[in-house]
Q: 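Following this message is one structure expressed as structure tokens.
Whatever order the structure lists them in is the order used to number ligands and atoms, beginning at 1.
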Amino acid sequence: MSTSTDHGRPDPEATPPARGGDDRPVSDRGDTVCVIGAGASGLTAIKNLREHGFGVDCYERETGVGGAWNWRHDRSPVYASTHLISSKPFTQFPDFPMPDSWPDYPHHSQLLSYFERYADHFDLRSHIWFGTEVVRVEPAEGDRWDVTTRSTGGYGPERTSRYAAVVIANGHNWSPKLPRYEGLEEFRGEIMHASSYKDPAQLRGKRVLVVGAGNTGCDIAVEAAQQASRCWHSTRRGYWYAPKYVLGRPADQVNDTLLALRVPLRVRQWLYHWTMRLTVGDLTRFGLPRPDHRVYETHPIANSQLVYYVGHGGIGPVPDVARFRPYAVELADGREIDPEVVIFATGYLPRFEFLDASVFADSAGAGRPTLWLNAFTPGHPTLAVAGLLQPDSGLFTLSHWQTVLFARLLQARRDRPERAMAFARRVRERAGERYSGPVKDSSRHWFEVGHADYLRAVQRALHDLESSK
Ligand SMILES: Cc1cc2nc3c(=O)[nH]c(=O)nc-3n(C[C@H](O)[C@H](O)[C@H](O)COP(=O)(O)OP(=O)(O)OC[C@H]3O[C@@H](n4cnc5c(N)ncnc54)[C@H](O)[C@@H]3O)c2cc1C
């Protein structure tokens, strides 16, 4: 099926070089599919494409598998204490369970060993070009793609190969999103984004301001409560700080039971409010702002310790930052504080620099593609994105089924073109569809999906692709 060698490597002897638009030599890789990135989503893409009979070349700019979970890489966003936020059974790949002996919420080092074992078990490494970054992905004739790569860091010549299809699995948790504030440049203290926070020693004995109440911001505030001489935690609005355990079970498992029983959103919200009331109680009593939204309308924050440390005086909740002064920070309520270290846990933005923004109908170039199932873009039936999701549970199962669907779509293009055309119609009609209840309109929630609704939609798409009608 593919012109790849046994190890999935391009064989320069196999095909005479084609010519790209600007007369570059292009190595034709026949039916081979290109996968960008060897994190969770890229690894499962390689596995599923191989299992469906496709040759695969994967390009990974780092030197190992695991993506965000590979703490050895500079761009990894994990810090020493990072554990899963979603629980083990709701995170793992459906065909590769994590060991029974592991805890409900494994440590990031366990996650890395999980990916290394997954890669070895399914023999994926021989299809990966490590230390190679993709710099351009351009449409070529016949729905094919010219992918240009070079050694990470820009050393050596560029090389262009032509592929039958491309899976973009480049992750969306590595490019820091930094807010703008008046006076930030003049501030004399230390400023960092959470992506540079690695170890609590960075906080020891210092006055620390943590900005942002996502899961990372809350984790860092809790660490600062134990290590720093003082910790302020600035949030723009009030949030629901859900415990990681409810009724002795990981919270996502309890939520999933309610979803499986098809308990309506309103009832789930009511039950959640009551659970919060019975366990944590009124958040405003702790000086935390009252949430301005109902639960499930923002990405859930799972942190059993934040309220505890607020209650013990270790964390001082403060409102949004108004402006920076050389030796102080002015808050939205007019108060001034004097942190030595400011950590922006303000999230990440997706980046697709190798792709012209028009391919994703992302006219603003803001990194928010218009996709169906967060994966398929109108007008480009041989391109898919994997892992561009922020689920209310674990991601890996979702990436797995996304890439199974893409592999089946590629098979249908070959064997049942009428099915593939019907699929392309649905992509055009339904791009931008959402798979969650109403959420706050902020880049933090762009890719939010309810895992049950999302998996149901993928299942329907698989059924439509394969049914005999
Ligand atoms: C602190 C933290 C906690 C988290 N907790 C959870 C959790 O509990 N559960 C959960 O499911 N998810 C969690 N996540 C989300 C996490 O991003 C996913 O688990 C997972 O890592 C996403 O996998 P991915 O393959 O899609 O992206 P990544 O893991 O980011 O992998 C992308 C890969 O693509 C490579 N790449 C990027 N651009 C290029 C290029 N141009 N050329 C070549 N290679 C490229 C990168 O080097 C990287 O290896 C957490 C994230 C963070 C930051």
Side-chain angles (χ1 to χ4, degrees), residues 34-46 57-88 90-93 104-108 110-112 114-115 118 128-137 147-153 166-176 193-195 197-198 214-220 244 250 252 299-303 345 347-348 350-355 374-375 385-400 402-403 447 449 451:
C34 171
V35 173
I36 304 171
S41 306
L43 289 175
T44 196
I46 307 171
D57 291 343
C58 171
Y59 297 108
E60 168 53 60
R61 67 183 170 197
E62 306 288 0
T63 51
V65 299
W69 295 98
N70 195 328
W71 55 271
R72 295 191 185 97
H73 301 148
D74 288 347
R75 293 186 189 87
S76 166
V78 300
Y79 33 92
S81 64
T82 306
H83 285 252
L84 273 185
I85 299 156
S86 50
S87 73
K88 189 174 67 168
F90 281 83
T91 307
Q92 65 202 5
F93 292 116
D104 291 330
Y105 296 105
H107 185 245
H108 70 73
Q110 291 174 305
L111 265 290
L112 175 56
Y114 175 71
F115 291 123
Y118 182 84
I128 306 172
W129 296 74
F130 289 106
T132 307
E133 67 183 327
V134 170
V135 290
R136 269 190 311 283
V137 176
V147 177
T148 303
T149 57
R150 66 175 180 213
S151 290
T152 303
V166 172
V167 178
I168 299 175
N170 65 334
H172 57 104
N173 279 311
W174 53 267
S175 178
H193 184 268
S195 55
Y197 173 73
K198 297 293 161 201
N215 282 298
T216 297
C218 293
D219 274 358
I220 299 176
K244 274 183 128 169
D252 59 356
H299 190 65
I301 298 162
N303 194 307
Y348 299 86
R351 273 169 65 172
F352 304 102
E353 287 160 326
F354 44 73
L355 203 62
N374 290 40
V385 188
L388 192 61
L389 299 162
Q390 180 108 40
D392 56 353
S393 181
L395 175 81
F396 314 160
T397 301
L398 277 54
S399 297
H400 167 87
Q402 282 185 318
T403 53
F447 308 117
V449 298
H451 72 286

Q: In this structure, does ligand 1 have an atom that sits under 4.0 Å from one of the heavy atoms of Val78?
A: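 Under 4.0 Å: no for Val78.
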
Q: Are the side chains of Ile168 and Leu355 in touch, meaning some heavy atoms are under 4.5 Å apart?
A: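 SC-SC contact between Ile168 and Leu355 confirmed.
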
Q: What distance do Tyr59 atom OH and Asn170 atom CG have between them, rounded to the nearest 0.5 Å?
A: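 So the gap between those two atoms works out to 15.5 Å.
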
Q: Does Tyr348 reach ligand 1, in the sense of a heavy atom lying below 4.0 Å from it?
A: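 Tyr348 does not count as a contact of ligand 1 under the 4.0 Å cut-off.
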
Q: What atoms in ligand 1 come closer than 4.0 Å to a heavy atom of Pro77?
A: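 Those qualifying, in numeric order: 53 (C).
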
Q: Is there a side-chain contact between Asn70 and Ser76 (heavy atoms, below 4.5 Å)?
A: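 No - every pair of side-chain heavy atoms lies 4.5 Å or more apart.
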
Q: Check each heavy atom of Asp219 against ligand 1 and say whether those closer than 4.0 Å belong to the side chain, the backbone, both or neither.
A: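 For Asp219, no heavy atom sits under 4.0 Å from ligand 1.
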
Q: Which option out of Asn70, Val134, Asn170 puts a heavy atom nearest to atom 42 (N) of ligand 1?
A: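 Nearest heavy atom to atom 42 (N) of ligand 1 lies in Val134.
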
Q: Could I get the full list of ring pair (Phe, Tyr, Trp, His ring centres under 6.0 Å) partners for Tyr197, not counting sequence neighbours?
A: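 Here the qualifying residues are Tyr79.
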
Q: In the protein, which heavy atom is nearest to atom 22 (C) of ligand 1, and how far is it?
A: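 Of every protein heavy atom, Leu395 CD2, 3.4 Å lies nearest to atom 22 (C) of ligand 1.
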
Q: Return yes or no for this condition: an N or O of Phe396 is under 3.5 Å from an N or O of ligand 1.
A: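 The answer is no, given that Phe396 and ligand 1 share no N or O pair closer than 3.5 Å.
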
Q: Considering non-hydrogen atoms of the protein only, which is the closest contact for atom 19 (O) of ligand 1, and what is the distance?
A: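 Sorting protein heavy atoms by distance from atom 19 (O) of ligand 1 puts Trp69 NE1, 3.0 Å first.
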
Q: Tell me: protein heavy atom nearest atom 30 (O) of ligand 1, and distance?
A: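 That would be Gly171 CA, 3.4 Å.
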
Q: What protein heavy atom sits nearest atom 29 (O) of ligand 1, and how far away is it?
A: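 Answer, as residue, atom name and distance: Ala68 N, 2.8 Å.
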
Q: Please list the nearest protein heavy atom to atom 9 (N) of ligand 1 with its residue and the distance rounded to 0.1 Å.
A: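 Sorting protein heavy atoms by distance from atom 9 (N) of ligand 1 puts Ser86 OG, 2.7 Å first.
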
Q: Parallel, tilted or perpendicular: which describes the rings of His193 and Tyr348, with under 30° parallel and over 60° perpendicular?
A: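 Rings of His193 and Tyr348: perpendicular, over 60°.
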
Q: Given Arg61, Glu133, Glu62, which one has a non-hydrogen atom that is nearest to atom 44 (N) of ligand 1?
A: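 Looking at heavy atoms only, Arg61 sits closest to atom 44 (N) of ligand 1.
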
Q: Could you list which atoms of ligand 1 come closer than 4.0 Å to a heavy atom of Leu84?
A: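 Checking each atom against Leu84, I get 7 (C), 8 (O), 9 (N).
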
Q: Can you report which non-hydrogen protein atom sits closest to atom 24 (P) of ligand 1, along with the distance?
A: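 Protein heavy atom at minimum distance: Ser41 OG, 3.4 Å.
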
Q: For Ser87 and Asp252, what are the C-alpha separation, side-chain angles and deciding distance, and is it a side chain to side chain donor-acceptor pair (under 3.5 Å)?
A: CA-CA 7 Å; Ser87 73; Asp252 59 356; 2.9 Å; yes

Q: Give the atoms of ligand 1, by number and element, whose distance to some non-hydrogen atom of Ala40 is under 4.0 Å.
A: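 Here the atoms of ligand 1 in question are 23 (O), 25 (O).
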
Q: Among protein heavy atoms, which lies nearest atom 15 (C) of ligand 1, and at what distance?
A: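 Heavy-atom neighbour on the protein nearest atom 15 (C) of ligand 1: Asn173 ND2, 3.5 Å.
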
Q: Does an N or O from Ile85, backbone or side chain, lie closer than 3.5 Å to an N or O of ligand 1?
A: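 Between Ile85 and ligand 1 (N or O atoms, distance only) the closest approach is under 3.5 Å.
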
Q: What is the nearest protein non-hydrogen atom to atom 46 (C) of ligand 1, stated with its residue, atom name and distance?
A: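 For this ligand atom, the closest protein heavy atom is Glu60 OE2, 3.6 Å.
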
Q: Name the orientation class of the two ring planes belonging to Tyr118 and Phe93 (parallel below 30°, tilted from 30 to 60°, perpendicular beyond 60°).
A: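 Correct class here is parallel.
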
Q: Just to be sure I'm reading this right: ignoring hydrogens, which of Ala302, Gly37, Ala169 gets closest to atom 32 (C) of ligand 1? Compare them by their nearest heavy atoms.
A: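 The nearest heavy atom belongs to Ala169.
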
Q: Could I get the full list of ring pair (Phe, Tyr, Trp, His ring centres under 6.0 Å) partners for His172, not counting sequence neighbours?
A: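 His172 satisfies ring pair (Phe, Tyr, Trp, His ring centres under 6.0 Å) with Phe447 only.
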
